[in-house]
Number of protein chains: 2
Amino acid sequence: MYEVLRNFLTRQIDVSDADLDIFFSRLKLKKAKRNEILLEAGSVCRHMYFVNKGCLRVYLKDINGRESTRFLIPDGRFGTAFPSFILQEPSPASIQALESSEVFYLTYPDFRQLFDLLPQWEKIYLQSLERDYIMSIKRIESLITMDAKERYALLMKNEPGLIQRLPSKIIADYLGISQETLSRLKSKI
Amino acid sequence: MYEVLRNFLTRQIDVSDADLDIFFSRLKLKKAKRNEILLEAGSVCRHMYFVNKGCLRVYLKDINGRESTRFLIPDGRFGTAFPSFILQEPSPASIQALESSEVFYLTYPDFRQLFDLLPQWEKIYLQSLERDYIMSIKRIESLITMDAKERYALLMKNEPGLIQRLPSKIIADYLGISQETLSRLKSKI
DNA sequence: TTGATTTATTGACATTTATCAACTTTCTTC
DNA sequence: GAAGAAAGTTGATAAATGTCAATAAATCAA
């Protein structure tokens, strides 16, 4: 049941099975249907998710109803509406399941408690954070230095699976371009 | 001498003076002239900086010589070419002093050693990382949801001091727009 | 200070991307 | 499998932004 997660956790840090069990015992399981909302914009994000199957997205909706995708969280990764979760303040972003998904989640109190319960947790979290931060830096760089076509080519290189799996509308949101522009540049490659 | 840094460190975490001294003893001081390069693109970033006075920028240069600013590090903050420093691999980005600056720095080995020497260091680093990551998420959101004018207004709101202090060429790079566009939208506000 | 260099502004024009609308295709749900 | 809904495509046009060039202003170094 925890295979994907176990792999994720032990890939970089040495954790005993006993410690893993402490961690697993704190997790709750949620099955989300396609398009189901896990976090409504405006409320405080109380969960950190690990996507076991499926895919989540963290997205923003502007006054005109236009959506943009802040992050995609495919299976095998942790994710949450990070600023809201860490600061425990209302989130401008929502979280939605893009596919029928199976996610484990940790409540905020459990997340904090794990630092005391599990000596390795700090390291696991730290490395995960470093990795996510590095990814966000690269995304910023792509946004300030590349045009739409280059950004799409980069995403195709880094996440070819996602592009196939997800509606291109979502991919466009993620790239920060319109659906029409994406459609056009796909036909030109 | 360490006042700015001491404030930064003790603002959120409780650290004893003895512990602070351990930390300070690892720091080296560097005075950099305006425009001096602290890290050349292509080499591995060996230092994490704390800017005591002045301002650094982490920037990229493309094949046509066009520059874009990945990050600005004003006085009172930590910063480095993060992916390169953490992974100890060559950096696509350079680091430059934008003003005559005074920076403390930590070498990579010392940075790693601090985790063992100073029990509080992990927490300090973790919180600093969370803050930086949150800032980068907000920057991504601004890049995918806002136009140039809105991004400039946001920067003006968040970092009014920087806009006054730094050449608008750099501000434009940071916003991901051309110098001319920035000049035009400034005259329209 | 002065001349030289860098930076900022402005105009004309090109390019990229967005927007709106019509239409087609694909997916969902019963 | 059919009807309806959602997503994708394509065209026409508009808006935002980039590029290049000329000039003005500011800054720097001697």
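Quick note on labels: first sequence line is chain A, next is B, and so on, each numbered from 1.
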Item to check | A:E122: partners by salt bridge (Lys or Arg N to Asp or Glu O under 4.0 Å), with sequence neighbours left out | outcome: B:K123
Checklist outcome for this item: When rounded to whole Å, the CE to P distance for the pair B:M146 and D:dA16 reads 16 Å
Next on the checklist: In whole Å, I'd like the distance from the CD atom of A:E99 to the C1' atom of D:dA7.
Outcome noted: 16 Å
Checklist entry - Quick one: A:R151 CZ to C:dT16 P, roughly how many Å, whole number? => result 13 Å
Next on the checklist: In this structure, how many angstroms lie between the P atom of D:dT9 and the CG atom of A:L185, rounded?
Outcome noted: 11 Å
Checklist outcome for this item: Separation of C:dT17 atom C1' from A:R66 atom CZ, nearest Å, is 13 Å
Checklist entry - Of all residues at least two apart in sequence or in a different chain, which pass the side-chain hydrogen bond (donor to acceptor under 3.5 Å, both in side chains) check with B:Y59? => result none
Next on the checklist: So for the helix from C:dT1-D:dA30 to C:dC30-D:dG1, with five pairs setting each end axis, what is the inter-axis angle to 10°?
Outcome noted: 70°
Give me the distances for all protein-to-nucleotides 5-13 of chain C N/O pairs that come in under 3.5 Å?
| residue | atom | partner | partner atom | Å |
| --- | --- | --- | --- | --- |
| C:dT7 | OP2 | B:K169 | NZ | 3.1 |
| C:dA8 | OP1 | B:S168 | N | 2.7 |
| C:dA8 | OP1 | B:S168 | OG | 3.1 |
| C:dA8 | OP2 | B:K169 | N | 3.0 |
| C:dA8 | OP2 | B:Q179 | OE1 | 3.4 |
| C:dT9 | OP2 | B:S183 | OG | 3.2 |
| C:dT9 | O5' | B:S183 | OG | 3.2 |
| C:dG11 | N7 | B:R184 | NH1 | 2.9 |
| C:dG11 | O6 | B:R184 | NH2 | 3.3 |
| C:dA12 | N6 | B:R184 | NH2 | 3.4 |

Checklist outcome for this item: Applied to residues 9-19 of chain B, the salt bridge (Lys or Arg N to Asp or Glu O under 4.0 Å) test, sequence neighbours excluded, yields B:R6-B:D17
Checklist outcome for this item: From the list B:Y125, B:F50, B:W121, ring-ring contact (aromatic ring centres under 6.0 Å, His included) with B:F23 holds only for B:W121
Next on the checklist: The test is ring pair (Phe, Tyr, Trp, His ring centres under 6.0 Å); show your working for B:F104 and B:F24 and say whether it passes.
Outcome noted: CA-CA 9 Å; B:F104 300 118; B:F24 294 155; 7.7 Å; no
Item to check | Rounded interatomic separation in angstrom, taking CG from A:L98 and P from D:dA6 | outcome: 16 Å
Checklist entry - In terms of the angle between their ring planes, are A:Y133 and B:F71 parallel, tilted or perpendicular, with boundaries placed at 30° and 60°? => result tilted
Item to check | A:T80 side-chain N/O to A:F82 backbone N/O, donor-acceptor pair under 3.5 Å | outcome: no
Checklist entry - Who passes ring-ring contact (aromatic ring centres under 6.0 Å, His included) against B:Y108, sequence neighbours left out? => result B:F85
Item to check | Between D:dA16 (P) and A:I177 (CD1): distance, integer Å | outcome: 18 Å
Item to check | Salt bridge present between A:E102 and A:K31 (N-O < 4.0 angstrom) | outcome: yes
Item to check | A:D147 CG to D:dA16 C1', straight-line distance once rounded to whole Å | outcome: 15 Å
